[in-house]
Undergrad: 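What follows is a single structure, and I will ask about it in a moment.
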Amino acid sequence: MAAVIIGVPITRCRGLARHPHPPPAMQEKYHPGEIEKSAQAHWDSTGAFRALEDPSKPKYYCLSMFPYPSGKLHMGHVRNYTIGDVLTRWHKMRGFNVLQPMGWDAFGLPAENAAMQNKVPPAQWTDDNIAYMKQQLMSLGFGLDWERELATCKPDYYQWNQWLFLRMLEKGIAYKKTQVVNWDPVDQTVLANEQVIEGRGWRTGAPVEKREIPGYYLAITQYADELLAALDTLPGWPERVKTMQANWIGKSFGVRFAFPYELDGKAEKLWVYTTRADTLMGVTFCAVAAEHPLATRAAQGNAALAAFIDECKHGSVMEADMATMEKKGMPTGIFVAHPLTGEKVEVWVGNYVLMGYGEGAVMAVPAHDERDFAFARKYGLAIKQVIDVPGKDYSLDAWQEWYADKEKGVCIASGKYDGLAYDAAIDAIAADLKAKDLGDKQVQYRLRDWGISRQRYWGCPIPLIHCDACGTVPVPDEQLPVVLPTDCVPDGSGNPLNKREDFLACTCPQCGKPARRETDTMDTFVDSSWYYARYCSAGNATVMVDERVKYWMPADQYIGGIEHAILHLLYSRFWTKVMRTLGLVQYDEPFANLLTQGMVLNHIFSRRTAKGGIEYFAPEEVELVRDEAGHVTGATLKADGSAIDYGGVGTMSKSKRNGVDPQSLIEQYGADTARFFMMFASPPEQTLEWSDSGVEGAYRFMKRVWSFGHALKAQAATGEAGSESTPLRREIHLLLKQANYDLGKLQFNTVASACMKMLNALEKAPADPHAREGFSILLRVLSPIAPHITHGLWLELGFGPDILAAPWPEPLEAALVQDEIELVLQVNGKHRGSLRVKVGADRTAIEAAALASEMAQKFMEGRPPKKVIVVPGRLVNIVA
RNA sequence: GCCGGGAUGGCGGAAUCGGUAGACGCAGCGGAUUCAAAAUCCGCCGCCGCAAGGUGUGUGGGUUCGAGUCCCACUCCCGGUACCA
């Protein structure tokens, strides 16, 4: 594996010496550079994080989402990988056999954009970025097993994408159909959704068109039900992620049925699907997509309709745009028959109906669907109320929520179905449709099959060959991998592979005649759908995954951004199930526990370009303009003072130029400070708005830890502490208890804060007989977050040879006992003071003490107590 | 639009089961040290008020002895929305 990775070589010292890099005599001042280099050399030479399968130990597979090699690490990476490293080190100290690997999600669009800008092949740009970022990861001291490193742009990885794709083709899981894409008519190229800005191409400013082209799909819908049901087997996943996935899969129970019609003398059926068959008697029109055959047929000899259909083909294909655009339509002049009444219903073409979704046609019930209501009002179409909720008045003036209510309504004006409620109405109507052979109940999913074809160069080639005689033919296994040439430089005018004769030319595996290679590449989500399993089979050139997967998978903890809550995580779950179907793995789900970290946000500044495109500015290039309340209202460019647009805060990204490079942080303060600050700043699941201040505080803390250690070493001769507990000891153990509780909740910010509190306590009682014990606890609790400084101090103070091998501390109950506690005193629910009582005091004693207290007397103002509430160990509330 | 989440001092955040709101830090202010500065150390620090006290967790209602926490209705912000990763 290492042979294909262009990265910083790791120097491996093969000696058996325990400390090949002994730190120099302890410095009084904190020098993170030396301390960190020495600790990292120690982990490297001892192979501390080299993971080997060891069935005798409980395993812990700690997996972080691998980065896209965009050039430099950003704060989101530092946050993500620090969380992973804290968990890795914490579990290691608790006796687990831990694997924490790292790799590179190395195919993708930004490499092509960089290539266009710098005229450097994406391969070279990517390799350079990987080398730089790898060195950054190493300088942060993450406990990674670099011998399992992988990069998805290398053939020894992506050949298995190709191999599995061919297996899916054999199983009917992969198949071909048309897809709708964004087309830039000027650059003559397919645009990603991200490259479409307000309906225009980002580089050319030209209005984007929709275009239908062939593509390959993976039948994720075959697994829809299992993907949904298995969410219940994932208690270690956040509820919000499971909810989002369930809604995305969108299982619905409805009715698929047809409107019969006759056209050109032939009997035809217009199929639709609805979850509101109970409103079928309220249908006043139907709407079909612009690409629907019925629309195409109607447009023949109808110039106005043809023009409208053409207009529908402009604009982006994004769901958000489709849902918010103005709904437009035009009648086709074709009528279909209502399946139950035989009444004539006109078919319209609607710009909001999508060919790719369901049947590409919908029934319209304006009275009980908000969108149909607006559409009918706009075009003066009939609105027929067929659901009534007792006590509510129906009006055509404006849409009311209750018009779509499924719970309380009953059918009216629906003939034999009058009086039936939702479920009963659907049962009856579905039965009648079935009897007429015009439809039946059907379970449907919102989830669509996964289109994996990309008309782009920098991706995994789809292993197919096009032969004039034999059609599309799979590349035989023995000819894999289909290797992507690494020297192309895209220029924005389409896939450069189409101009590469040496790539294109091949012979048909079936007939042996000259043929052409497929030039589409795979969606990069394919690459990221199984990399975590490949880590476990690192270096195996003969199979996709081997026996070692059984030991490590599923991952015990997966950590990554919340932005991947649906697509990446769902595709990975799907890929896992396909691999299981093919007998490659035994587990059903890849990730036992999931931590979705919040995104790191920063301000976004932009400006329109003359062409109509958009350019972004980095925060350091601009000056903020604030209003009186201190809120940011705009910005000016530092360079020339010109006004630019303030776009609020948003996720740090290369394309928006609002990323913060952690490099200067590391150089100025050291890795421990950077790591500690990231953990301290906020809880992992919350979004984090970037701010430079606060880092100083983390650095000050490191310096204080160091000097306390230095002072403690000097007075180490004070002898061992007795068993007698002191207030310091009680406080340290109390904080330890809290820290351990918070670690279990993955709430690292309060663990960091507990460490600070421990040091505050120690500094106030440096001569306490338990100071050494207290400091040893502090070092161990702090070590997963700030591993270098704690490693160094552990050695300096002679606590042991390696803090990583030290046992994780547990609070001693004996240290926690006390004989008096303080209760809060309230009168009528308001805080009025406090009360000291003996630990074992009973309710009556507490009540009596409370009533007798001066503050209670004052605020009761002579009224007799109506009630006294005692919350044991907490408070007394006198209601007077 | 739809789906998911969030909102607490000047700032990041804490508050485990409905029980002292603002732990721990940042910034700020005052002091010590210093020729001076940096660094370091000590103290103050939600808002109104001289104080007693009042008030306060995005907005408006509600439940409760007691609500940041539970319920209802909203506002704004963030993520996703299937070709950014």
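Worth saying up front: this structure is predicted, and the values here are computed from it rather than measured. In what follows, chains are A, B, ... by sequence order, proteins preceding strands, each numbered from 1.
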Undergrad: State which of A82(B), G12(B), U16(B) makes the closest approach to the side chain of Gln738(A).
TA: U16(B)

Undergrad: Looking at Phe107(A) versus Tyr158(A), is the centre-to-centre ring distance below 6.0 Å?
TA: yes

Undergrad: Checking side-chain hydrogen bond (donor to acceptor under 3.5 Å, both in side chains) against Arg454(A), which of Asn495(A), Thr524(A), Asp520(A), Asp523(A) comes through?
TA: Asp523(A)

Undergrad: Is Val190(A) touching bases, backbone alone, or none of the nucleic acid, heavy atoms closer than 4.0 Å?
TA: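 Here Val190(A) touches the bases of the nucleic acid.
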
Undergrad: Hey, what are the protein-to-nucleotides 57-61 of chain B N/O distances that come in under 3.5 Å?
TA:
none

Undergrad: Of the nucleotides C3(B), G1(B), A82(B), which one has an atom closest to the side chain of Leu447(A)?
TA: A82(B)

Undergrad: Any salt bridge linking Glu326(A) with Lys378(A)? Criterion: basic side-chain nitrogen under 4.0 Å from a carboxylate oxygen.
TA: yes

Undergrad: At under 4.0 Å between heavy atoms, how does the protein contact nucleotides 41-48 of chain B? Give one character per nucleotide, 5' to 3', with B, S or -.
TA: S-------

Undergrad: Measuring only between side-chain heavy atoms, which start at C-beta, is Val600(A) closer than 4.5 Å to His74(A)?
TA: no

Undergrad: Between Tyr403(A) and Trp399(A), does the ring centre distance come in under 6.0 Å?
TA: yes

Undergrad: How would you label the contact of Ser691(A) with the nucleic acid (heavy atoms, under 4.0 Å): base, sugar-phosphate, or nothing?
TA: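 No contact at all - Ser691(A) keeps every heavy atom at 4.0 Å or more from the nucleic acid.
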
Undergrad: Is Asn749(A) close enough to A23(B) that one of its side-chain N or O atoms is under 4.0 Å from OP1 or OP2 there?
TA: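 Checking A23(B) against Asn749(A), no side-chain N or O comes under 4.0 Å of OP1 or OP2.
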
Undergrad: Counting heavy atoms from C-beta on, name the nucleotide in A15(B), G13(B), G79(B) closest to the side chain of Gln747(A).
TA: A15(B)

Undergrad: Ring centroids only, cut at 6.0 angstrom: are Trp450(A) and Tyr217(A) within range, meaning strictly under it?
TA: no

Undergrad: Would you call Arg203(A) and Asp187(A) a salt bridge, taking side-chain N to carboxylate O under 4.0 Å as the test?
TA: yes

Undergrad: Does the side chain of Lys830(A) get closer than 4.0 angstrom to OP1 or OP2 of U55(B) through an N or O atom?
TA: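 Answer yes for this pair, as a side-chain N or O of Lys830(A) is under 4.0 Å from OP1 or OP2.
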
Undergrad: Pick one for C44(B): is it syn, with its angle within 90° of 0, or anti?
TA: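 Because its glycosidic torsion lies more than 90° from 0, C44(B) adopts the anti conformation.
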
Undergrad: Considering only side-chain heavy atoms of Gln686(A), which listed nucleotide, A52(B), G13(B), A85(B), is closest?
TA: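 Out of A52(B), G13(B), A85(B), the nucleotide with an atom closest to Gln686(A)'s side chain is G13(B).
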
Undergrad: Would you tell me if any nitrogen or oxygen in the side chain of Lys745(A) comes within less than 4.0 Å of OP1 or OP2 on U16(B)?
TA: no

Undergrad: Taking protein heavy atoms under 4.0 Å as touching, what does nucleotides 65-78 of chain B look like 5' to 3' if B marks base contact, S marks sugar-phosphate-only contact and - marks none?
TA: B------------S

Undergrad: Check this for me: does any side-chain nitrogen of one of Glu319(A) and Arg446(A) sit under 4.0 Å from a carboxylate oxygen of the other?
TA: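 Yes, this pair counts.
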
Undergrad: Using side-chain heavy atoms (C-beta onward) and a distance below 4.5 Å, is Val526(A) in contact with Trp575(A)?
TA: yes

